[in-house]
Protein chains: 2
Amino acid sequence: MRPRMKLYLDGPGGGTFGEGVCRLLEAIAAEGSIREAARLLGRGYRKAWGDIDRAEEAFGRRLVSKSRGGSSGGATELTPFGRELVAAWERFSGEAAAGMEEAFERHLGAIIEGGNRDER
Amino acid sequence: MRPRMKLYLDGPGGGTFGEGVCRLLEAIAAEGSIREAARLLGRGYRKAWGDIDRAEEAFGRRLVSKSRGGSSGGATELTPFGRELVAAWERFSGEAAAGMEEAFERHLGAIIEGGNRDER
DNA sequence: AACCGATATGTTCAACGGTGCATAACGGAC
DNA sequence: GTCCGTTATGCACCGTTGAACATATCGGTT
């Protein structure tokens, strides 16, 4: 029985950033387009687009730089702030998860895993 | 802009324990009944009952000891394991949250809070 | 036996988030 | 100007979740 955690950053005027959007940004950085990134992650473009929109609303800053038209049809790449954010979030979430695991072992590890006795 | 976290414990065969159920258990310990605890927390009895059921399923052990009938109509109290779990969860979640805050300051504190410039 | 209040459980309805479909807009290449 | 692939955006559908309502059951008191 393992613990699980979800991390969020909420903007003051709505909007949210979390693990999902971070993964999406990484995929965009790798693929160069929102559509391809969404396909790679098995998500719909519609939702991916909305997620980015909400994330940018949360920070009040652009995370990606999008362009329409052209021979390629269009493209999307991360802004410098977007790249910085992804890297910082990776460190943040990794460290938070490690601390959580540690706290779990310290306080709940002994309590749980103790078989399935029944008390009445 | 502050970070936020949610913690879960998932049982192998379904069932979940989290902050919500823990609050509910505390309220039950204080009030002596599921119904009164639910009312105190502004939740419906139906959901409270189901939450407890799922939490007990997650651990495979009883968290509360319920009784029906009698002059009082019935009552519910925590099992020793239930009390132990609530106390351990408090320490666990508190420590995890503290570690998360610390990680946030270290890795994201400088990046965020930096005003709302726009980059394009 | 009647009463009362809490547990036990089913059912129905509203809200919400995700998925998918449809379509418009864009702009470089040809 | 046509074509193509991507961004941009609306809408309709659906599964999950929670809220609210409706009973049924239990058992000590009276």
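It should be emphasised that the depicted structure is a prediction, and the values quoted were computed from it without experimental measurement. So that the names make sense, note that chain A is the first sequence line, chain B the second, and so on, each numbered from 1. Side chains included, hydrogens not; waters and symmetry mates left out as well; all remaining heavy atoms used.
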> Under a 4.5 Å cut-off applied to non-hydrogen side-chain atoms, are A/R83 and A/V86 in contact?
Replying inline: no

> Nearest to the side chain of A/R46 - D/dA20, C/dG28, D/dT9?
Replying inline: D/dT9

> Between atom CD in B/E56 and atom P in C/dT7, what is the gap in whole Å?
Replying inline: 13 Å

>> Hydrophobic clusters here meaning ILVMFWY residues chained together by side-chain heavy-atom distances under 4.5 Å, can you tell me if A/V21 and A/L78 are in one?
In response: yes

> Under 4.0 Å between a side-chain N or O of A/K47 and OP1 or OP2 of C/dT19?
Replying inline: no

> Got a salt bridge between B/R2 and B/E105, using NZ or NE/NH1/NH2 to carboxylate O under 4.0 Å?
Replying inline: yes

> Over how many whole Å does the gap from A/R54 atom CZ to C/dC16 atom P extend?
Replying inline: 14 Å

> What's the CD-C1' distance between B/E31 and C/dT7, to the nearest Å?
Replying inline: 17 Å

>> Rounding to an integer number of Å, can you tell me how far A/R35 CZ sits from C/dG20 P?
In response: 13 Å

> So, A/R39 and A/E36, do they make that salt bridge, N to O below 4.0 Å?
Replying inline: yes

>> Expressed as a whole number of angstroms, how long is the span from B/L24:CG to D/dG18:P?
In response: 13 Å

>> In this structure, how many angstroms lie between the P atom of D/dG5 and the CZ atom of A/R39, rounded?
In response: 11 Å

>> Classify B/G74 by what it touches in the nucleic acid, base, sugar-phosphate, or nothing, heavy-atom distance under 4.0 Å.
In response: sugar-phosphate

> Is there side-chain contact between B/F92 and A/I111, with at least one heavy-atom pair below 4.5 Å?
Replying inline: no

> In terms of the nearest nucleotide of DNA chain C, which residue is placed more toward the 5' end: B/S67 or A/R43?
Replying inline: B/S67

>> Does a side-chain N or O of A/W49 approach OP1 or OP2 of D/dA8 to a distance below 4.0 Å, or not?
In response: yes

> Within the structure, does a side-chain N or O atom of A/T76 lie under 4.0 Å from either OP1 or OP2 of D/dT7?
Replying inline: yes

>> Counting only side-chain nitrogens and oxygens, does B/K66 get under 4.0 Å of the OP1 or OP2 atom of C/dA8?
In response: yes

> Within this structure, what is the CD-to-P distance between B/E77 and C/dT7, rounded to whole angstrom?
Replying inline: 12 Å

>> Without decimals, in angstroms, what is the distance between B/R68 CZ and C/dG5 C1'?
In response: 13 Å

